[in-house]
Amino acid sequence: MRLFFVLLLFSSFCYSQEQIACEDAIKKIEDNGNLIDTLKDVQIILDAIYTSVSGDIWLKEVKCYEINNTNFVIAEIYSDNLKLFTKKYLFCGIPKENWEYFYNETVLSSNKESYGKKFHKYIIDFKCNCKV
């Protein structure tokens with residue numbers, strides 16, 4: 001059943017003229033996926049302070065789910081300057097290595113990129129083709 005769901009979901013993003021609604025896809029992934037990791041806003045804020053890029057705090061929370069060896073990332077992103085409102089976005093088919101570089105590469109390493117920069121480097125190109 002899970003394999004069918006992944007194939008249906010993934011094919012609707014890639015090939016179908018009729019797109020699944022992003023909110024529906026996010027709900028199905030949250031309900032059926034295996035949660036791999038969660039990056040919370042506290043980690044993102046501390047990272048931004050350490051890297052001195054406080055203007056780079058636009059991610060609230062980033063979660064990676066796995067369904068049948070396919071990774072999906074759900075990113076909750078602030079939608080206003082006061083950081084009162086957020087919107088969830090879905091990213092599909094994230095290579096395992098991309099998630100690991102984004103999540104595990106700490107600012108204490110020689111590469112001091114913020115989570116915002118790493119999100120653009122490793123995740124953003126995989127935005128799902130779903131209906132907003």
Side-chain angles (χ1 to χ4, degrees):
M1 182 65 176
R2 266 188 161 184
L3 178 59
F4 174 74
F5 168 71
V6 170
L7 293 174
L8 177 66
L9 186 64
F10 207 66
S11 65
S12 70
F13 293 133
C14 298
Y15 309 110
S16 177
Q17 294 288 25
E18 292 184 35
Q19 297 173 329
I20 186 172
C22 292
E23 289 178 4
D24 294 339
I26 288 170
K27 177 79 171 123
K28 287 180 182 180
I29 290 168
E30 288 174 335
D31 291 346
N32 298 300
N34 178 31
L35 181 61
I36 303 297
D37 290 307
T38 301
L39 181 67
K40 297 201 176 271
D41 56 351
V42 172
Q43 294 165 279
I44 295 167
I45 291 169
L46 290 174
D47 172 74
I49 291 169
Y50 184 80
T51 57
S52 302
V53 288
S54 59
D56 201 18
I57 304 172
W58 49 274
L59 293 167
K60 181 177 182 192
E61 186 174 77
V62 183
K63 293 182 177 184
C64 183
Y65 291 86
E66 185 268 331
I67 301 174
N68 287 1
N69 296 319
T70 301
N71 288 337
F72 298 89
V73 167
I74 299 173
E76 190 171 358
I77 297 175
Y78 290 109
S79 58
D80 67 320
N81 289 337
L82 297 175
K83 300 187 181 0
L84 299 174
F85 303 100
T86 61
K87 181 171 171 65
K88 289 183 178 180
Y89 294 89
L90 181 59
F91 301 85
C92 301
I94 309 296
K96 184 179 179 181
E97 297 79 21
N98 283 39
W99 175 255
E100 289 174 356
Y101 286 133
F102 168 75
Y103 185 77
N104 292 323
E105 190 176 283
T106 68
V107 294
L108 299 176
S109 68
S110 60
N111 183 8
K112 295 183 181 180
E113 291 182 311
S114 68
Y115 281 114
K117 287 185 182 187
K118 290 190 292 184
F119 191 87
H120 276 278
K121 189 173 184 179
Y122 299 113
I123 307 294
I124 203 134
D125 290 340
F126 296 90
K127 189 165 187 310
C128 292
N129 184 23
C130 55
K131 194 183 327 177
V132 179

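None of the values given here were measured: they were computed from a predicted structure. Hydrogens, waters and symmetry mates are skipped; everything else that's a heavy atom, side chains included, is used.
- Annotation: the span from E23 atom CD to K28 atom NZ amounts to 13.0 Å, rounded to 0.5 Å.
- The structure places NZ of K27 at 9.0 Å from NZ of K88, a figure rounded to the nearest 0.5 Å.
- The shortest distance between side-chain heavy atoms of I94 and F102 does not fall below 4.5 Å.
- For the atom pair SG (C22) and CG (L90), the distance works out to 6.5 Å, reported to the nearest 0.5 Å.
- Within the 4.5 Å cutoff, the side chain of I77 has heavy atoms near those of the L59 side chain.
- Rounding to the nearest 0.5 angstrom, the gap separating the CD1 atom in I20 from the SG atom in C128 is 10.0 Å.
- Between A21 and C130, the shortest heavy-atom distance links the atoms C-CB, 4.3 Å.
- The backbone N or O of Y78 lies less than 3.5 Å from no partner atom in the side chain of E76, so there is not a single donor-acceptor pair.
- Judged by distance alone, the side chain of N98 and the main-chain N or O of Y122 form a donor-acceptor pair under 3.5 Å.
- Between F119 and Y89, the ring centre distance reaches or exceeds 6.0 Å.
- Under the 3.5 Å distance criterion, the side-chain polar atoms of K83 are matched with a main-chain donor or acceptor of I57.
- The OG1 atom of T38 sits 6.5 Å away from the OH atom of Y65 when rounded to the nearest 0.5 Å.
- The distance from atom CD of E100 to atom CG of N71, rounded to the nearest 0.5 Å, is 9.0 Å.
- Geometric assessment of K87 against the ring of F85 yields a negative cation-pi assignment under the 6.0 Å and 45° thresholds.
- In terms of heavy-atom proximity, P95 sits nearest to F126 at CD-CZ, 3.4 Å.
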- request: Check step by step if side-chain contact (heavy atoms from CB on, under 4.5 Å) holds for K118 and Y101.
  value: CA-CA 8 Å; K118 290 190 292 184; Y101 286 133; over 6 Å; no
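- Residue N81 qualifies as open at atom CG: its count of foreign heavy atoms under 6.0 Å is 12 or below.
- The aromatic rings of W99 and Y103 sit parallel to each other, their planes meeting at less than 30°, with 60° as the upper class boundary.
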